[in-house]
Amino acid sequence: MIKMEDSAGGKILAVVSIKKDRVSGGAPIFFASNEEEQEKVASYLSRILDAMVHDLENGTYILVKH
Amino acid sequence: MPEYMPDYLTVILAGILAGTITRFVLLRIDYRQYPGYPHGYLAHIFIGFIASALGAVAVPAIIKPDFTAVTFLALAAQQFREIRTMERRTLESLERTELVKRGLDYIEGIARTFEARNYLVMGTSFATSVAAQFAGIPAAFIVAALSLLVSLHFMSGEVIGDICDVVPARLSFDGAILKVDDISIINVGLKPMREKILNEGLAVMVKPHGGNARATVHDMGQRSAVAFNAAVILGTKKDVDIPEFTPLARKNPDTGEVGLYILPVEKDMEQLIAAVKLTPILESARSKPLKAGPVIKEARNKKVN
């Protein structure tokens, strides 16, 4: 199947957040204490999961497999 | 009738030769859109040889006259459909490991082209044999050359450059959103990635001429063909674990213009524009909604009455 980046096939594999009160739910959530750590964790997870990091610009990154 | 043998042999040989040469020439044109693996080359030239033999043999068969022999042409058509399936299957299985996808539309287009080329080869060899039979070898030469030119003309379809302007565009970020001029492409979360994209990325804007062209670049398959062509010619820095660098073509919903973003190995804007312009227009994407005007009008008038 061909999937482009915006297709419905996108799936949230992980959430990396610095706002503990803002996130909950089904995907694995990783909390970071500051933005630097958040960026680092997200980039590691991106390489591990072959997923893309998206910034929701509210202190939360999501990793999505396209 | 042994005394006829040499004649028929010349006729058939002339047809086969013309057909096989045509196949070879057409195969070389393929190279841009399909890697010519040595075995693939061999297979296609051999099948082209069979196609031209079928076309050439038809002439003596009719003259003999042995009309039932012509029914084997139906068998040939069956064989060539098989080629289409074979090409499709090969490309589809390669697609799974392709970092930048061709897209199903492109694959279907290539497969169909391979089938159609065999019919052209058969036509060439048939025409050449007819000329050899009735007007001699010099005439056969002329007819062969003409058919080759016709085949070349027939097979060089339209390209994006014919229906669209392709101009350089600017990459920028609006927060996390990557933009090509004013078209939003994708959300890039990691800051180092954003920097790299701004420094090393390239973007062009495809501006369709009119409604028909807009409908063509609206097609998702056509857009992935454009991205694929750009990635083949300029290379891409994408890897399995860096999906950020996937070349993407997105349209402006209001104007129908398409922005293409790519992170090329070789940062060469001229080359990128040439690659986009040379992307073939896929048969499945080609559409001419404006030509439907009179029919639509008729239908609308009927409704009113």
Side-chain angles (χ1 to χ4, degrees), chain A, chain B residues 91-108 173-178 183-197 219-228 238-251 253 258 260-263 284:
Chain A
M1 231 357 252
I2 317 295
K3 278 186 205 152
M4 300 301 284
E5 301 300 306
D6 65 351
S7 70
K11 197 178 168 199
I12 300 182
L13 295 183
V15 177
V16 185
S17 187
I18 47 174
K19 298 270 172 69
K20 294 201 177 174
D21 53 336
R22 286 293 188 80
V23 284
S24 70
I29 302 166
F30 298 82
F31 289 116
S33 43
N34 52 44
E35 279 189 22
E36 199 184 317
E37 191 194 339
Q38 183 191 24
E39 184 96 14
K40 199 167 153 192
V41 170
S43 116
Y44 284 163
L45 283 172
S46 148
R47 291 297 166 104
I48 294 164
L49 299 167
D50 292 346
M52 182 155 174
V53 181
H54 296 291
D55 185 359
L56 301 183
E57 294 182 343
N58 62 353
T60 302
Y61 286 179
I62 55 173
L63 280 98
V64 179
K65 181 88 173 176
H66 290 290
Chain B
L91 289 171
E92 269 172 6
S93 48
L94 289 177
E95 181 89 342
R96 246 170 278 158
T97 50
E98 202 91 64
L99 276 175
V100 179
K101 309 281 184 203
R102 271 195 179 83
L104 290 179
D105 301 50
Y106 203 177
I107 289 178
E108 198 53 44
F173 274 99
D174 178 6
I177 305 279
L178 172 64
I183 302 174
S184 302
I185 303 284
I186 197 167
N187 177 312
V188 180
L190 296 174
K191 291 187 183 79
M193 291 292 182
R194 288 183 207 165
E195 244 165 71
K196 198 171 163 71
I197 288 171
D219 185 275
M220 231 13 248
Q222 181 65 58
R223 280 190 258 158
S224 53
V226 169
F228 176 81
K238 187 194 177 185
D239 200 1
V240 234
D241 55 351
I242 348 180
E244 281 87 352
F245 298 164
T246 310
L248 288 172
R250 291 283 177 269
K251 78 166 181 178
V258 168
L260 171 75
Y261 143 73
I262 183 170
L263 209 89
S284 50

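Below, read A as the first sequence line, B as the second, and so on, with proteins coming before strands; counting in each chain starts at 1. Predicted model, so just to flag it, every value in this text is computed and none were measured.
Across Ile177(B), Ile186(B), Leu190(B), a single residue satisfies side chain to side chain contact (heavy atoms under 4.5 Å, CB included) together with His54(A), and that is Ile186(B).
For CD of Glu37(A), the number of neighbouring non-hydrogen atoms (other residues, nucleotides, ligands) closer than 6.0 Å is greater than 12. For Tyr44(A), the OH atom counts as loosely surrounded, since its 6.0 Å shell holds 12 or fewer non-hydrogen atoms of other residues, nucleotides or ligands.
Using a 4.5 Å cut-off between heavy atoms, Glu57(A) touches chain B through its side chain atoms alone. Only the side chain of Ile242(B) has a heavy atom closer than 4.5 Å to any heavy atom of chain A.
You'll find the side chain of Asn187(B) reaches within 4.5 Å of the side chain of Asp55(A), heavy atoms only. Side-chain contact between Glu39(A) and Pro192(B) is present, with heavy atoms from C-beta onward closer than 4.5 Å.
Annotation for Asp241(B) and Asp50(A): closest pair CB-OD1, 3.2 Å, computed over non-hydrogen atoms. Nearest heavy atoms, Val53(A) versus Glu244(B): N-OE2, 3.7 Å.
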